[in-house]
Colleague: 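Dumping the structure here so I can ask a few things about it.
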Amino acid sequence: MRLPDKRCDIAVAVARIKDSDTVMVGGFGVPGTPMALIHALVDHGARDLTLIKNDANEPGMGIDHLLKSGQVARLITTHLGLNSHAIDLMNSGRIQVEFNAQGILAERIRAGGAGIGAVLSDIGIGTELADGKQVVEVDGKPHLVESALRADFALIHADRADHFGNLAYVATARNFNPLMAMAATRVIAEAETILPLGALDADAVHTPGVFVDHVAELVALSGEYAVVQR
Amino acid sequence: MRLPDKRCDIAVAVARIKDSDTVMVGGFGVPGTPMALIHALVDHGARDLTLIKNDANEPGMGIDHLLKSGQVARLITTHLGLNSHAIDLMNSGRIQVEFNAQGILAERIRAGGAGIGAVLSDIGIGTELADGKQVVEVDGKPHLVESALRADFALIHADRADHFGNLAYVATARNFNPLMAMAATRVIAEAETILPLGALDADAVHTPGVFVDHVAELVALSGEYAVVQR
Amino acid sequence: MSPNWLLFPGNTPLSNAKTRMIARAAREIAPGMVVNLGIGLPTRVVDHLPADFPVCLHTENGLTGIGPSLPPDRADRNLIDAGGAYVSTVPGSAFFDSATSFAMVRSGRLDLTMLGAFEVSSQGDLANWKIPGKFSPGVGGGIELAQKARRVVVLTTHTDRAGNPKLRDTCALPLTAQGCVSRVFTEMAVIDITPQGYALAEIAEGVSLAEVREATGAPFTIPHDTVPVF
Amino acid sequence: MSPNWLLFPGNTPLSNAKTRMIARAAREIAPGMVVNLGIGLPTRVVDHLPADFPVCLHTENGLTGIGPSLPPDRADRNLIDAGGAYVSTVPGSAFFDSATSFAMVRSGRLDLTMLGAFEVSSQGDLANWKIPGKFSPGVGGGIELAQKARRVVVLTTHTDRAGNPKLRDTCALPLTAQGCVSRVFTEMAVIDITPQGYALAEIAEGVSLAEVREATGAPFTIPHDTVPVF
């Protein structure tokens, strides 16, 4: 037995994304944001997308390219504070934004990846984030039903991958990537390095390849991956 | 700044366990079962315990020592198939046993460790495992409320630890250990090796030390940790 | 741990008929699949796959990429499968915790599972974890495998030790999961579960249709032309 | 990402009064604590801890053991804190995903968080994420920090830019969390939240009781004897 080879060209993998699909995008700020996959999605042109991402990056970076190109109808996120352009789009109604508490967004995505229908949480009770949510009592205390999130595609940035799609992340570039890599029908990972089978220590794999459909090696890192000069 | 040192003697750490406490014990079969901590708990003698463990090990091994010493009142588990002694205790009513689907036990423990009240799952619907459980609809489909599990103590076996309690596991000895290490008020980890701060790669830590209260180095590995001769 | 491991200890010599059944079941595995083989007869399916066959074997105690079983003198004390057998890895294996392991199962990343059975119904219900009053070691991971793998097939003797049919109209024993089984492999036949009930797909060499009818507890349809022989 | 980062950009020079307030707040951190410092003023608290102080700093984007901030030329592009500042590690640091990060928060492993505020109420309610019609970049991780850290203290200017009191009887702005704040540090005073409302604990050097009364939007009790000065 040998494990299947999932190496793939970025453009070919991204070409499967259709209009109106839901797409999860890894990253918290620059670290872990799959810049190359995002550019491939801009080139591909699928529209009316629902994006799920922690933040909207900064103007002119990351998913801001998809906002600029008008491909995004809806954004499920936690915080847009660094992207005034995204806030303008939201305030003028050109995109619909759903805010989640950050850890609850993480849990909803993880639940989707774990085949769980929802988690029950008391986060946000007594605030407007609880508005409209179903309430269930657990041990006599009210909890909100936080339903699982799944996507048609997840776009993931890894430091290292092997041919089977086992992934390893570095430092704070991990963030939402391992969660989203479990929660989509098709998971596309870009990796800074792709290694032969056996070169990733089985104990050090962060995302088992079973969750990953396609891996593509980045031939070069664009300036968008670099330290942001402020 | 430096990180606090959590090294501790096994007997001192285990001495905090009280009668009627709930204790999670890592391990799936021999791998990952904290044999030394279990022996310390037998020596300590706390009674009327509720144990949460995937399985009951085999006769004369692991938590079977606690069953034999009569310290266990209740066992929350998934499968006792390798321990005929545990099955006898259950069938004769000397211990109370609650069976969970294995992945649901894992999710309930993880929920406890994640500060989530419960997960909603469709596993077991249409079987006797659903009996008596609260049902909530998500997207029009019935789900069972699987409430979070927490414990007073978790007993963890790690391969390597550092002074702060960061833990790393090997091979299939990981199993329930990282989940239980999040889900108890006090977490005691035995480690085959304890390393100075900085010797565990920050990307390769499986359980962040923030979850761990005490770490103890095993001076020798007893025969119980060895390959089982069948 | 699968519910039937006590009934099918690992190393018994098999009859020719059982060997042929297992070899036939091995052809159920398509290239690229992620597969979980239940304890007992299903585990032996792997012996009938070509050496270079691209497949990923999953075991619920936390490993993808199971390699060959190892004798005690060459075993790694930390590396077992869910049945407690000492196994090895392949290039590209990954280890993970029990929550992640069942996340794979419940979120649909398992293409196929092969399980044992006490009883199967013509609606595809499966009973394989409990015989009230006789055998109730717990459900282990079987319920989630049966309910959530994309395809569930059963490997079993056609009748139990007393000669009673295991393929029945309805199950008398407590269910593991409802309507989950697609196909049953026995030493006598390959039988599909269809919306219209059982359908004979193939028959074992040297077995007559009358013998299969006699050993089956419910009617089945037969192919319009000749019945393929395996 | 904390909600107030736009209001408190990282590198502004501070007044003496603010520096004194931050130095005082640093004394709130006891040895061995796990602490999350919100973006802005709270981040600067770390500059007032002794070099060898035993503490673990947490940032919600996936790091325990935050080391000193780094200038762009020495920064690691993959290593930021939740405010986007380039930081470093210390010996014993661990990286983890966003679900694990908030698991720490929600399950009670965070001993202390220091947050900014738009408004605080005398019942300990906190509003710091939204000014309807003006500022609503999303709640980020603030809601879970405020609701679930074992102790929540606020660092803020005593009044807003228009001179209006931030310490009020009730909050007019949308809440981040109810009844979560234990203590408020301002450039004028340290004020506790008690079941009876605000209680002046300490007063800044050179500030009169009358000035604090004037700048505070609700009554507060004062110590029976002299008010300690910081």
Side-chain angles (χ1 to χ4, degrees), chain A residues 1-8 24 107-119 148-152 154 158 160-168 178-187 194-215, chain C residues 26 29-37 45-60 62-69 76 78-79 87-112 143-145 147-150:
Chain A
M1 291 164 295
R2 61 181 169 82
L3 295 174
D5 191 336
K6 300 177 184 174
R7 284 176 294 171
C8 184
M24 290 180 178
E107 285 296 317
R108 293 180 67 194
I109 295 166
R110 187 195 168 278
I116 292 295
V119 297
L149 287 172
R150 282 189 64 85
D152 299 297
R160 286 152 290 144
D162 67 17
H163 295 182
F164 182 56
N166 289 308
L167 306 180
L179 309 170
M180 292 175 169
M182 294 165 70
T185 306
R186 249 172 217 282
V187 175
I194 293 191
L195 301 163
L197 289 178
L200 270 183
D201 177 1
D203 283 319
V205 168
H206 293 131
T207 293
V210 158
F211 290 114
V212 178
D213 298 285
H214 309 292
V215 285
Chain C
I29 300 177
M33 276 187 169
V34 181
V35 180
N36 184 299
L37 300 174
V45 167
V46 73
D47 302 333
H48 296 269
L49 292 176
D52 199 40
F53 195 83
V55 65
C56 176
L57 297 182
H58 167 270
T59 180
E60 57 266 38
L63 166 63
T64 42
I66 310 177
S69 296
D76 175 342
N78 289 310
L79 181 40
V87 295
S88 57
T89 57
V90 298
S93 287
F95 295 114
F96 37 83
D97 65 47
S98 298
T100 305
S101 188
F102 283 92
M104 291 174 188
V105 177
R106 286 189 309 263
S107 69
R109 285 288 177 179
L110 216 61
D111 297 301
L112 175 68
I143 195 166
E144 287 160 284
L145 291 169
Q147 193 175 328
K148 292 296 182 178
R150 288 180 177 275

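Values reported hereafter were calculated over all heavy atoms of this structure, with side chains retained and with hydrogens, waters and symmetry mates removed.
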Colleague: Quick one: pull up CE in A:Met182 and OG1 in C:Thr100 and give me the separation to the nearest 0.5 Å.
Modeller: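 These two atoms lie 5.0 Å from each other.
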Colleague: Quick check on the interface: out of A:Ile116, A:Asn166, A:Leu197, who has the most heavy-atom pairs with chain C under 4.5 Å?
Modeller: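 Sorted descending by pairs with chain C, the first entry is A:Leu197.
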Colleague: Kindly compute the distance separating CG (A:Leu200) from OG (C:Ser93), expressed to the nearest 0.5 Å.
Modeller: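 Here the interatomic distance stands at 11.5 Å.
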Colleague: Relative to chain A, which segment of C:Val46 carries a heavy atom at a distance below 4.5 Å: side chain, backbone, both, or neither?
Modeller: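 It is the side chain, since no backbone atom gets that close.
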Colleague: Quick check on C:Val34 against chain A: is it the side chain, the backbone, both or neither that has a heavy atom closer than 4.5 Å?
Modeller: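 Side chain of C:Val34 only, per the 4.5 Å heavy-atom cut-off to chain A.
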Colleague: Let's test your reading of the structure: which of C:Met33, C:Met104, C:Glu144 forms the most heavy-atom pairs below 4.5 Å with chain A?
Modeller: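 Highest number of heavy-atom pairs under 4.5 Å: C:Met104.
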Colleague: Mind listing the closest non-hydrogen atom pair of C:Gly32 and A:Pro4 along with its distance?
Modeller: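 Shortest heavy-atom contact: CA-CG, 3.7 Å.
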Colleague: Under the side-chain contact (heavy atoms from CB on, under 4.5 Å) rule, what do C:Arg109 and A:Val187 come out as? Steps first, then yes or no, please.
Modeller: CA-CA 11 Å; C:Arg109 285 288 177 179; A:Val187 175; 3.6 Å; yes
Colleague: Between A:Gly115, A:Gly198, A:Ala202, A:Pro208, which residue shows the highest count of heavy-atom pairs closer than 4.5 Å to chain C?
Modeller: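 Looking at each option in turn, the highest pair count goes to A:Ala202.
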Colleague: For each of C:Ala51, C:Gly108, C:Ala103, tally heavy-atom pairs with chain A at distances under 4.5 Å, and name the one with the top tally.
Modeller: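 Top option by heavy-atom pairs under 4.5 Å: C:Ala103.
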Colleague: Would you mind checking which part of A:Asp203 comes under 4.5 Å of any heavy atom in chain C, side chain (CB onward), backbone (N, CA, C, O), both or neither?
Modeller: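 Both parts, backbone and side chain.
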Colleague: Which atom names give the shortest non-hydrogen contact between A:Arg150 and C:Ser107, and what distance separates them?
Modeller: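 Shortest heavy-atom separation between A:Arg150 and C:Ser107 comes out as NH1-CB, 3.9 Å.
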Colleague: Can you say whether A:Thr185 sits under 4.5 Å from chain C via the side chain, the backbone, both, or neither, judging by heavy atoms?
Modeller: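 For A:Thr185, the contact with chain C is made by the backbone alone.
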Colleague: For each of C:Pro68, C:Ala99, C:Gly92, tally heavy-atom pairs with chain A at distances under 4.5 Å, and name the one with the top tally.
Modeller: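 That would be C:Gly92.
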Colleague: Identify which part of C:Pro50 has an atom lying under 4.5 Å from any heavy atom of chain A, answering side chain, backbone, both or neither.
Modeller: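 Contact with chain A is through the backbone of C:Pro50 alone.
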Colleague: So what's closer than 4.5 Å to chain A heavy atoms on C:Thr64: side chain, backbone, both or neither?
Modeller: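 For C:Thr64, the side chain is the part near chain A, not the backbone.
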Colleague: Which atoms of A:Ala161 are under 4.5 Å from chain C, going by heavy atoms: the side chain, the backbone, both sets, or neither?
Modeller: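 Neither part.
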Colleague: Where do A:Arg2 and C:Val90 land on the side-chain contact (heavy atoms from CB on, under 4.5 Å) test, with the steps shown first?
Modeller: CA-CA 7 Å; A:Arg2 61 181 169 82; C:Val90 298; over 6 Å; no
Colleague: Quick check on the interface: out of C:Pro54, C:Gly65, C:Gly67, who has the most heavy-atom pairs with chain A under 4.5 Å?
Modeller: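 Between C:Pro54, C:Gly65, C:Gly67, the count favours C:Pro54.
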Colleague: Which answer fits A:Phe164, side chain, backbone, both or neither, if we ask what part of it has an atom under 4.5 Å from a heavy atom of chain C?
Modeller: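 For A:Phe164, the side chain is the part near chain C, not the backbone.
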Colleague: Between C:Ile66 and A:Met1, which heavy-atom pair has the shortest distance, and what is it?
Modeller: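 Where C:Ile66 meets A:Met1 most closely, the heavy atoms are O-CE, 3.9 Å.
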Colleague: Chain A heavy atoms under 4.5 Å from C:Leu57: which part of the residue, side chain, backbone, both or neither?
Modeller: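 For C:Leu57, the side chain is the part near chain A, not the backbone.
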